Asker: 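I have a structure here, written as structure tokens, and I will follow up with some questions on it.
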Amino acid sequence: MKKLLTKIAWMVAGLVLACFCSATTHAQATIAPDNYPRLNTVPITPEIVKVDFQGNFSLPNEVQCHGHKLAPGKYTLMVKTVGTEKMVTLQREGSDVVLHSRPVTPTSVSDHGHSAVLVRHGPGPGTHTLEGVYVEALKLVLFLDESGNTKPLDKMFASVIRVPIS
């Protein structure tokens, strides 16, 4: 029993000594990295994001897009060019949903009429998917989510509704 108490006392003393008298932290604390010149660095300037299009639209019912559920209501839509990609941002009541898009040629989708958000009925009954955006000023169709037409019945019976953008 006496040996066990002696071992515990030595372990506690060793832990106290290791915690309060560590030599490795003193060596790192004396080095000041600000004293060395940096010759190969350049300040980083943020990339300028150009807003190509901005408009407002209103969703009549709940819509899903890339795992985001968008509640019914008024939204602001912005199409931005970031590098070589087009990004679509949806804003509602202070919250932003940023979506990656895939541009397609206007000949593969009906591009007649004013700018609109393309909402597909599906997948399944009672659900809607925000499938894409047509921007008249850019003559560009941007696909956002194509999960609304993956099932055979959705391909046959689901229709695309054009919600106008003002």
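Model, not experiment: these values are computed from the prediction.
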Asker: Let me check something: do Leu4 and Val12 share a hydrophobic cluster, defined by ILVMFWY side-chain heavy atoms less than 4.5 Å apart, either directly or through other members?
Answerer: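 Leu4 and Val12: one cluster.
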Asker: Could you measure the distance from the CZ atom of Arg120 to the OG1 atom of Thr127? Nearest 0.5 Å is fine.
Answerer: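 Those atoms lie 11.5 Å apart.
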Asker: When rounded to the nearest 0.5 angstrom, what distance separates CD1 in Ile161 from CG in Leu118?
Answerer: 10.5 Å
Asker: Side-chain contact test, heavy atoms from C-beta onward, threshold under 4.5 Å: evaluate it for Val119 versus Leu59 and give yes or no.
Answerer: yes
Asker: Please check: side-chain N/O of Ser115 versus main-chain N/O of Ile165, any donor-acceptor pairing under 3.5 Å?
Answerer: no
Asker: Can you see whether Asp96 engages Thr89 through a side-chain donor-acceptor pair at a distance of less than 3.5 angstrom?
Answerer: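 Asp96 vs Thr89: no donor-acceptor pair found between side chains.
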Asker: Find the distance between CD (Gln64) and CG (Leu130) and round it off to the nearest 0.5 Å.
Answerer: 10.0 Å
Asker: Strictly by salt bridge (Lys or Arg N to Asp or Glu O under 4.0 Å), give each pair with a member in residues 72-91 just once, sequence neighbours left out.
Answerer: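 Output for this query lists Asp52-Lys86.
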Asker: Which heavy-atom pair separates His128 from Glu62 by the least distance, and what is that distance?
Answerer: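 Minimum heavy-atom contact is CB-O, 3.9 Å.
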Asker: Taking atom CZ of Arg92 and atom OG of Ser58, what is their separation to the nearest 0.5 Å?
Answerer: 9.0 Å
Asker: Can Met78 be reached from Leu140 by stepping across I, L, V, M, F, W or Y side chains whose heavy atoms are under 4.5 Å apart?
Answerer: no
Asker: Measuring from Trp10:CH2 to Leu15:CG, what's the distance to the nearest 0.5 Å?
Answerer: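 So the CH2 of Trp10 and the CG of Leu15 are separated by 13.5 Å.
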Asker: State, yes or no, whether a side-chain contact exists between Val88 and Leu142 at a heavy-atom distance under 4.5 Å.
Answerer: yes
Asker: Of all heavy-atom pairs between Thr129 and Val63, which one has the smallest distance, and what is that distance?
Answerer: C-CG1, 3.7 Å
Asker: Closest approach of Pro72 and Pro60, non-hydrogen atoms and distance?
Answerer: CB-O, 3.9 Å
Asker: Any side-chain heavy-atom pair from Leu90 and Leu99 closer than 4.5 angstrom?
Answerer: yes
Asker: Does some side-chain heavy atom of Asn56 sit less than 4.5 Å from a side-chain heavy atom of Leu77?
Answerer: no
Asker: Tell me, which pairs form a ring-ring contact (aromatic ring centres under 6.0 Å, His included) where one or both residues lie in residues 72-93, sequence neighbours left out?
Answerer: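 As it turns out, the ring-ring contact (aromatic ring centres under 6.0 Å, His included) pairs with a partner in residues 72-93, which skip direct neighbours, are Phe57-Tyr75.
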Asker: Work out which heavy atom in Arg162 is nearest to a heavy atom in His114; give both atom names and the distance.
Answerer: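 That closest heavy-atom pairing would be NH2-O, 3.2 Å.
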Asker: What's the spacing between Gln54 CD and Thr76 OG1 if we round to 0.5 Å?
Answerer: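 Reported value, rounded in 0.5 Å steps: 6.5 Å.
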